[in-house]
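Step one of this worksheet: look at the structure below.
All of these numbers come straight from a predicted model, not from anything done at the bench. Side chains are part of it too, since the values below use all heavy atoms of this structure and drop only hydrogens, waters and symmetry mates.
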Amino acid sequence: MNKHCIEGREPLNNFKHYLKIMRIALFFLFFCILFSSADNSFSQEFSFDLKSASIREICKQIEKESDFIFVFSDNSERLIDKNVNVEANSKNVTETLDAVLSNSGLTYKILDKQIVIYQEDDVANANEIEKILSTLSVQQQNTVRGKVVDQQGEPLPGVTITIEGTTRGVITDIDGTYSINAQPSDKLLFSFVGMENQLVEVGNQSTINIELSEKIDELEEVTIVAFGKQKKESVISSISTVKTSELKVPSSNLTTAFAGRVAGLISYQTSGEPGSDNAQFFIRGITTFGAEAKKDPLILIDGVELTTDDLARLNTDDIASFSIMKDATATALYGARGANGVILVTTKEGREGKVQVNARVENSFSTPTQMVQLANPVTYMNMHNEAVLTRNPNGVREYSAEKIEMTQRGLYPDIFPATDWYKSMFNDYTINQRANISVSGGGSIARYYVAASIAKDNGNL
């Protein structure tokens with residue numbers, strides 16, 4: 001009986017023994033897995049060759065090539081700027097730091113992704129370690145989320161968000177949303193094709209929503225064609241584009257600004273009367289000779305056919321673009337109406353944004369190009385008598401010596417007048433005034449551009 005009891009108890013003891021061995025094996029297996037996983041965080045290798053670089057610069061280089069973040073104790077600040085020579089060829093972070101900090105009086109400690117650099121004699125300083133740990137808690141990365149939209153509020157997929165100075169970044173999804181880990185001291189750079197880049201400081205923000213604006217690329221020269229715009233270098237027909245700044249001349253008549261500014265355009269004036277001093281102009285000659293020949297080009301202002309008087313009174317401040325089509329290729333879309341050339345004018349329009357007010361006031365002086373020198377009455381009478389006697393010595397003088405003498409004295413102006421008609425009829429100079437004011441703006445639905453101008457031209461007569 002006892003013998004059987006002893007024999008029955010022996011298998012039970014063997015099972016407990018095997019169970020104990022399995023527990024020990026599982027413990028060592030778990031320890032090995034934990035050790036290997038912890039060691040993987042330090043398995044990243046570095047390869048660089050820095051000659052006479054400071055410890056601080058080397059630490060920044062490691063931060064750029066890895067996810068590690070360095071924290072320096074207060075007492076280490078005076079030592080981290082010390083220059084060292086380091087050659088790291090396929091070394092992990094511990095091997096690299098051992099080589100960098102050797103004989104520097106500094107040591108390090110790795111806490112997860114944080115590397116603390118401190119003096120070797122500060123290991124026992126509890127306050128210093130607590131300060132380092134509190135610094136690490138501040139330096140912990142936070143998750144920043146947000147949404148990126150355009151100026152119309154539509155989400156932008158594919159926007160690149162990177163941390164400035166690093167290669168770490170994410171891309172927005174189809175809804176324009178993103179999520180990225182960043183520190184409070186980091187700056188997020190938002191970039192997208194055709195949009196202006198934006199740089200935002202993270203700080204204590206956990207949600208950052210961004211609105212990107214379109215890039216406004218001003219073309220060097222834009223040519224207005226029949227039904228649209230093209231870059232000047234892509235146009236093969238004969239089209240001249242005049243900058244609006246070149247049309248701003250001291251005159252209230254736009255047609256007087258054409259002469260000498262457009263190749264192939266002939267301009268001339270037949271009158272100097274204020275208000276009726278429109279310049280006559282034609283492009284590349286006249287198709288038919290004669291007084292009634294059709295020589296005026298087709299004038300289109302914002303797509304509407306208008307006359308030369310309408311063009312003459314258009315204010316230069318209200319013009320956005322001015323183009324002249326001269327050959328058959330450029331005017332083909334207008335048929336026979338464009339046989340004498342086409343002038344295309346586009347006026348300004350309002351833009352979305354705040355109200356903009358522009359004003360311009362001009363004051364100009366006008367004088368004759370050349371003053372005609374005339375003789376006074378006394379000289380005229382003497383010269384007239386001399387001319388009579390030169391042709392006929394026995395001729396009768398038209399002006400008596402008494403009239404000439406009394407006119408010269410000026411005692412009786414009503415009987416012997418001496419009027420300077422040139423001075424009485426013409427001014428030495430005249431003053432002209434011009435003023436223009438415009439108001440523009442609008443929102444996403446409606447835009448406006450309102451302009452008013454006034455001109456006062458005085459004549460010399």
Side-chain angles (χ1 to χ4, degrees), residues 216 218-224 229 240-262 265 267-281 283 296-325 342-369 427 429-443 445-461:
I216 303 176
E218 295 293 337
L219 299 178
E220 292 184 359
E221 284 191 84
V222 175
T223 300
I224 307 297
K229 298 180 180 180
S240 294
T241 301
V242 184
K243 295 181 180 180
T244 55
S245 58
E246 297 179 356
L247 298 175
K248 292 183 180 180
V249 296
S251 174
S252 58
N253 195 319
L254 179 61
T255 59
T256 60
F258 294 160
R261 288 177 171 82
V262 181
L265 185 143
S267 175
Y268 59 94
Q269 283 182 267
T270 58
S271 172
E273 180 182 356
S276 300
D277 57 344
N278 292 357
Q280 304 295 320
F281 56 90
I283 300 171
D296 295 332
L298 178 64
I299 300 174
L300 297 176
I301 302 178
D302 290 333
V304 180
E305 182 179 356
L306 297 175
T307 64
T308 55
D309 290 336
D310 298 320
L311 179 64
R313 299 306 163 200
L314 190 62
N315 198 290
T316 55
D317 292 307
D318 302 331
I319 297 176
S321 61
F322 189 95
S323 298
I324 297 179
M325 300 181 176
V342 181
I343 294 179
L344 293 178
V345 181
T346 304
T347 58
K348 292 181 180 179
E349 61 181 13
R351 292 184 178 182
E352 183 178 349
K354 296 181 179 179
V355 179
Q356 293 185 354
V357 180
N358 297 318
R360 183 165 65 97
V361 179
E362 289 184 352
N363 189 73
S364 61
F365 297 89
S366 177
T367 62
T369 305
N427 296 317
Y429 64 91
T430 183
I431 302 176
N432 305 319
Q433 294 90 20
R434 291 169 298 278
N436 175 269
I437 185 172
S438 63
V439 181
S440 63
I445 299 177
R447 294 173 295 177
Y448 58 88
Y449 180 89
V450 182
S453 61
I454 185 173
K456 183 180 181 182
D457 294 332
N458 299 310
N460 288 332
L461 184 63

Worksheet item: Run the side chain to side chain donor-acceptor pair (under 3.5 Å) check on Asp310 and Thr307 step by step: do they pass?
Response: CA-CA 5 Å; Asp310 298 320; Thr307 64; 3.1 Å; yes

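With sequence neighbours excluded, the residues satisfying side chain to side chain contact (heavy atoms under 4.5 Å, CB included) with Glu352 are Ser444. The side chain to side chain contact (heavy atoms under 4.5 Å, CB included) search around Arg360 returns Asn315, Thr316, Asp317, Glu362, not counting sequence neighbours. The side chain to side chain contact (heavy atoms under 4.5 Å, CB included) check on Val357 picks up Val355, Ile437, Val439, with sequence neighbours excluded. In this view, Asp302 and Thr346, Thr347 satisfy the side chain to side chain contact (heavy atoms under 4.5 Å, CB included) rule, not counting sequence neighbours. Considering only residues two or more places apart in sequence or on other chains, Asn460 meets the side chain to side chain donor-acceptor pair (under 3.5 Å) condition with none of them.
Note that CD1 of Ile299 is 9.0 Å distant from CG of Asp309, once rounded to the nearest 0.5 Å. Rounding to the nearest 0.5 Å gives a distance of 4.5 Å between OG of Ser364 and CG of Asn432. Taking CG of Leu344 as the start and CG of Leu300 as the end, the distance is 5.5 Å to the nearest 0.5 Å.
Using a 4.5 Å heavy-atom threshold, the side chains of Ile319 and Val345 count as touching. Using a 4.5 Å heavy-atom cutoff, the side chains of Ser438 and Asn358 are in contact. At least one side-chain heavy atom of Glu305 sits less than 4.5 Å from a side-chain heavy atom of Leu298. Taking the side chain as every heavy atom from C-beta outward, Ile343 and Phe322 approach each other to under 4.5 Å.
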Show which side-chain atoms of residues 447-456 pair as donor or acceptor with protein atoms under 3.5 Å away, not counting sequence neighbours.
unit_1, atom_1, unit_2, atom_2, d
Tyr449, OH, Asp318, OD1, 3.0

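For Asn363 (side chain) and Gln433 (main-chain N/O), no donor-acceptor pair under 3.5 Å exists by modelled atom type.
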